[in-house]
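Working notes, beginning with the structure itself.
If you're wondering where the values come from, they're calculated on a predicted model, not measured in any experiment.
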Amino acid sequence: MTSTTFTERLDQGTVLCAEGFLFELERRGYLSAGEFVPEVALEHPDALRQLHLDFQRAGSDVVEGFTYNGHREKMRVIGKEDLLEPLNRSALQIAREVADRRPGDLMAGNISNSNIWDPADTARQGEVRAMFEEMVGWAVEEGADLIVGETFYYAGEALAALEVAKASGLPVVITLAPMAFEEMADQVGIVETCQRLEQAGADVVGMNCFRGPSTMLPWLRQIREAVSCHVGALPIPYRTTDEEPTFFNLGDERAVVPSPHGRTFPTALDPLACNRYEIGAFAREAHALGITYLGVCCGASPMLVREVAEAVGRTTEASRYSERMQNHFMYGSSTRLPEHIVALGDRA
């Protein structure tokens with residue numbers, strides 16, 4: 001794929017990108033919550049490949065290399081820096097293989113928040129840039145069609161990621177993840193950061209992660225009005241509110257056994273999940289705003305990605321198995337369903 005092809009596809013319609021590998025692979029038993037390091041690319045490559053295939057069948061046009069948290073600093077934290085390059089290359093090769101399965105699909109290299117960016121420390125900033133440079137370099141060598149930079153809560157780090165990614169010559173998506181204080185952590189406005197990213201050459205700007213549909217949409221409206229480039233929206237599928245705007249804040253008073261670390265994030269969020277219809281409604285509303293790069297982030301499942309695809313008018317491979325309640329014993333309309341059994345639905 002060429003950069004022109006990617007931008008033309010955005011100009012012509014919607015591009016879907018599934019994210020959320022961390023949560024889904026943790027649910028499937030292939031990585032550790034808390035660490036959230038993508039060692040699955042080395043230890044269980046078939047499991048990662050299968051998740052990519054499931055997301056692809058559900059409608060994702062972009063197969064994003066699972067290198068989130070696969071940067072040098074995170075690998076140092078777990079004492080496995082020697083696995084850095086093999087992990088990155090394996091994740092990218094798997095993504096490339098799956099993207100090539102369906103003509104026209106794109107493979108994205110991925111860089112993300114480093115968790116060590118310091119606006120007051122130029123040495124630290126240099127470390128982060130170096131991490132981005134090596135990861136982008138491996139992505140280019142493994143045949144990436146674009147670079148996705150995601151989950152940035154510092155404006156300065158997002159701009160640094162863009163600068164490094166743009167140097168590759170590939171198109172770049174940069175999405176922000178503001179925390180509950182409703183601005184970037186270096187006190188730059190969210191909308192202003194998107195404007196700066198557009199001016200610096202990002203092909204897509206927008207938001208991902210941290211916020212669910214209800215607390216992401218108000219910002220998306222402002223961003224869409226403030227920039228001319230394409231806008232991306234990849235929420236978490238959890239019911240955040242004005243009082244609890246991110247999944248870091250979400251409480252669950254009804255939990256009989258609370259999480260031992262004192263918050264529902266990241267391992268006790270299950271009762272707070274959006275249903276598929278809420279995700280579909282978000283996708284329709286975002287699409288109506290003119291947002292052309294859509295997906296779901298942490299908490300995503302193939303079913304939810306299919307819901308996004310169908311909400312914007314797509315029929316996917318997985319749509320063969322979309323719900324058909326006309327054949328359900330409680331809701332069905334088939335003449336084969338006995339009336340006395342259907343009637344039990346009112347008493348069930």
Side-chain angles (χ1 to χ4, degrees), residues 19 68-69 73 111-122 124-125 127-129 132 148-166 172-251 263-266 269 272 282 285-286 289-291 293-299:
E19 294 183 344
Y68 184 93
N69 269 354
E73 179 63 24
I111 55 178
S112 59
N113 56 303
S114 66
N115 294 329
I116 62 167
W117 181 269
D118 185 342
D121 189 334
T122 55
R124 274 297 202 186
Q125 293 172 21
E127 287 183 53
V128 174
R129 285 177 180 273
F132 290 160
V148 172
E150 56 159 306
T151 324
F152 294 111
Y153 43 88
Y154 282 104
E157 187 173 30
L159 287 159
L162 174 60
E163 182 181 346
V164 172
K166 287 294 288 184
V172 182
V173 175
I174 300 287
T175 49
L176 309 177
M179 294 187 179
F181 36 81
E182 305 295 356
E183 63 180 357
M184 305 305 287
D186 41 6
Q187 299 181 315
V188 182
I190 296 167
V191 176
E192 179 186 348
T193 303
C194 286
Q195 290 173 317
R196 290 186 187 182
L197 290 165
E198 179 185 24
Q199 291 162 7
D203 296 279
V204 179
V205 303
M207 300 178 73
N208 80 295
C209 213
F210 292 13
R211 292 166 185 264
S214 66
T215 55
M216 184 176 283
L217 267 170
W219 284 110
L220 291 171
R221 292 189 189 98
Q222 294 183 53
I223 293 167
R224 180 63 283 173
E225 292 178 0
V227 301
S228 300
C229 64
H230 294 282
V231 174
L234 301 94
I236 55 163
Y238 298 102
R239 292 172 175 163
T240 55
T241 66
D242 290 343
E243 293 74 29
E244 299 174 327
T246 76
F247 60 4
F248 302 128
N249 318 124
L250 286 173
R263 295 192 187 192
T264 61
F265 173 85
L269 288 164
L272 308 168
F282 168 86
E285 187 165 355
L289 291 173
I291 292 170
Y293 187 88
L294 287 168
V296 186
C297 205
C298 290

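- Note that CG of Leu289 and CZ of Arg224 are 9.0 Å apart. Values are rounded to the nearest 0.5 Å.
- Remark: the backbone N or O of Ala180 is not paired with any side-chain donor or acceptor of Asn249 at under 3.5 angstrom.
- Looking only at side-chain heavy atoms (C-beta outward), Leu197 and Leu176 come within less than 4.5 Å of each other.
- Side-chain contact between Tyr153 and Asn115 is present, with at least one heavy-atom pair separated by less than 4.5 Å.
- Between Ala161 and Phe152, the closest heavy-atom pair is CB-CZ, 3.4 Å.
- Within the 4.5 Å cutoff, the side chain of Trp219 has heavy atoms near those of the Glu182 side chain.
- Using modelled atom types, no side-chain atom of Ser112 and backbone atom of Thr151 make a donor-acceptor pair closer than 3.5 Å.
- Among pairs with a residue in residues 237-248, those fulfilling salt bridge (Lys or Arg N to Asp or Glu O under 4.0 Å) read Arg239-Glu278, at least two apart in sequence or across chains.
- Side-chain contact check for Val148 versus Glu19: some heavy-atom pair is nearer than 4.5 Å.
- Judged as a side-chain hydrogen bond (donor to acceptor under 3.5 Å, both in side chains), and not counting sequence neighbours, the contacts of Ser114 are Glu157.
- In this structure, the side-chain hydrogen bond (donor to acceptor under 3.5 Å, both in side chains) partners of Tyr68, at least two apart in sequence or on a different chain, are Asn113.
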In residues 227-236, what donor-acceptor pairs under 3.5 Å come from side-chain atoms, sequence neighbours left out?
from   : atom 1 : to     : atom 2 : distance (Å)
His230 : ND1    : Thr292 : OG1    : 2.9
His230 : NE2    : Asp11  : OD1    : 2.8

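- Taking all atoms of both residues into account, the shortest heavy-atom contact from Phe210 to Pro178 is CD2-O, 3.7 Å.
- Scored by the side chain to side chain contact (heavy atoms under 4.5 Å, CB included) test, Ser214 finds Thr240 as partners (sequence neighbours excluded).
- Between Met207 and Thr175, the closest side-chain pair of non-hydrogen atoms is not below 4.5 Å.
- Qualifying salt bridge (Lys or Arg N to Asp or Glu O under 4.0 Å) partners for Glu192, counting only residues two or more places apart in sequence or in other chains: Arg196.
- Put simply, the side chain of Ile223 does not reach to within 4.5 Å of the side chain of Ile291, judged on heavy atoms.
- The shortest heavy-atom contact between Thr215 and Pro245 is OG1-O, 2.9 Å.
- Looking at residues two or more places apart in sequence or on another chain, you find no side-chain hydrogen bond (donor to acceptor under 3.5 Å, both in side chains) involving Asp203.
- Separation of atoms CE (Met216) and OG1 (Thr246) is listed at 11.0 Å; rounding is to 0.5 Å.
- Every salt bridge (Lys or Arg N to Asp or Glu O under 4.0 Å) that Arg124 has, sequence neighbours left out, goes to Glu127.
- For the pair Phe282/Leu220, a side-chain contact is recorded, criterion being any heavy-atom separation below 4.5 Å from C-beta on.
- The side chain to side chain contact (heavy atoms under 4.5 Å, CB included) test applied to Glu163 returns Arg129, not counting sequence neighbours.
- The two residues Cys297 and Pro237 have their closest heavy-atom pair at O-CD, 4.1 Å.
- Partners of Phe265 under the ring-ring contact (aromatic ring centres under 6.0 Å, His included) rule, at least two apart in sequence or in another chain, are Phe247, Phe248.
- Across every non-hydrogen atom of Ala200 and Leu162, the tightest pair is CB-CD2, 3.5 Å.
- Ala165 meets the side chain to side chain contact (heavy atoms under 4.5 Å, CB included) test with Ile147, Val172; sequence neighbours excluded.
- Between the side chain of Arg211 and the backbone N or O of Met179 there is at least one donor-acceptor pair closer than 3.5 Å.
- Within the 4.5 Å cutoff, the side chain of Gln125 has heavy atoms near those of the Trp117 side chain.
- Taking the salt bridge (Lys or Arg N to Asp or Glu O under 4.0 Å) definition, one finds that Glu285 meets it with Arg221, sequence neighbours left out.
- Nearest heavy atoms, Pro119 versus Tyr154: CG-CE2, 3.5 Å.
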